[in-house]
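Each remark here refers to the structure printed beneath this line.
In this chain, residues are counted from 1 in sequence order.
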Amino acid sequence: EVQLVESGGGSVQAGGSLRLSCEASAYSYSIYYCMGWFRQAPGKEREAVASIDTGVGRTDYADSLKGRFTISRDDAKNTIYLQMNSLKPEDTAIYYCAAAKLAGLRYGVGCLGQDYDSWGQGTQVTVSS
């Protein structure tokens, strides 16, 4: 099972930026994965933020976040990132990284709605107005 550790959270004023990192261990280069970022705000359900398919490289975003958030990967570091710009107070949440093994290459199918089976512990992001 893939082990995931998030970092990079913190407190920032509205309009600021943060970059979250998710380092994966026990990660196999011979297997394709969906890697996703999720968030959960107090009193709200967890929601998908962004995802990347490591096989075909496809990225997907929650519609409300397109243009402000960017997911990327560094295979040499076994790490995925979430660059968050123009942050708003409503972005305040715990952000989680997740992984799901894929059976093979997939075309035309994103990872945003994938069932994930490995999760990190989360990192807190707080945006003040």
SB check R68 D91 (cutoff 4.0 Å):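 A salt bridge is present here (some side-chain N lies under 4.0 Å from a carboxylate O).
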I'd like to know if D75 pairs up with K77 as an ion pair, taking the criterion as any Lys NZ or Arg NE/NH1/NH2 lying under 4.0 Å from an Asp or Glu carboxylate oxygen.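 Here D75 does not pair with K77 in a salt bridge, since their nearest N and O are not under 4.0 Å apart.
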Between [X] (side chain only) and [Y] (backbone N and O only), is there a donor and an acceptor less than 3.5 Å apart?
| X | Y | answer |
| --- | --- | --- |
| Q3 | S25 | no |
| Y61 | L112 | no |
| E6 | T123 | no |

Could you check whether any side-chain heavy atom of [X] comes within less than 4.5 Å of a side-chain heavy atom of [Y], counting everything from C-beta outward?
| X | Y | value |
| --- | --- | --- |
| C34 | Y116 | yes |
| T54 | M35 | yes |
| L82 | R19 | no |
| Y81 | I71 | no |
| M84 | Y95 | yes |
| L102 | D53 | yes |
| L18 | V125 | yes |
| C22 | T79 | no |

S17-N85 side chain donor-acceptor pair, cut-off 3.5 Å: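 Yes, a side-chain donor-acceptor pair sits under 3.5 Å.
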Any donor-acceptor N or O pair under 3.5 Å, side chains R106, Q114: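 Per modelled atom types, R106 and Q114 side chains form a pair under 3.5 Å.
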Tell me, yes or no, whether the heavy-atom count around Q121 atom CD, taken from other residues, nucleotides or ligands under 6.0 Å, exceeds 12.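 Result for CD/Q121: enclosed.
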Atom of [X], atom of [Y] and distance for their closest heavy-atom approach:
| X | Y | answer |
| --- | --- | --- |
| A93 | Q124 | O-NE2, 3.4 Å |
| L4 | A24 | CD2-CB, 3.7 Å |
| Y107 | L105 | OH-CD1, 3.6 Å |
| P89 | A14 | CD-CB, 4.1 Å |

Test of understanding: clusters of I, L, V, M, F, W, Y form through side-chain heavy atoms closer than 4.5 Å, transitively. Do I31 and V2 belong to the same one?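 In one cluster: yes.
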Indicate if L65 and L87 have the same hydrophobic cluster label, given that clusters are the connected sets of ILVMFWY residues with side-chain heavy-atom separations under 4.5 angstrom.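 Cluster IDs for L65 and L87 match.
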Does the side chain to side chain contact (heavy atoms under 4.5 Å, CB included) test come out yes or no for R73 and I52, once each step is laid out? CA-CA 8 Å; R73 62 197 264 207; I52 185 166; 3.4 Å; yes
Would you sort out whether E47 and R39 count as a salt bridge (Lys or Arg N to Asp or Glu O under 4.0 Å), showing the intermediate values? CA-CA 6 Å; E47 63 173 336; R39 69 184 184 183; 2.6 Å; yes
One pair to check against side chain to side chain contact (heavy atoms under 4.5 Å, CB included): I80 and C97. What are the steps and the verdict? CA-CA 9 Å; I80 64 167; C97 175; 3.9 Å; yes
To the nearest 0.5 Å, how far apart are [atom1] in [X] and [atom2] in [Y]?
| X | Y | atom1 | atom2 | result |
| --- | --- | --- | --- | --- |
| Y33 | C111 | OH | SG | 13.0 Å |
| W119 | Y96 | CH2 | OH | 9.0 Å |
| S7 | L20 | OG | CG | 8.0 Å |

Begin with the C-alpha distance, continue with both residues' side-chain angles, and end with the deciding distance and a verdict on ring-ring contact (aromatic ring centres under 6.0 Å, His included) for F69 and W37. CA-CA 11 Å; F69 288 14; W37 284 101; 10.0 Å; no
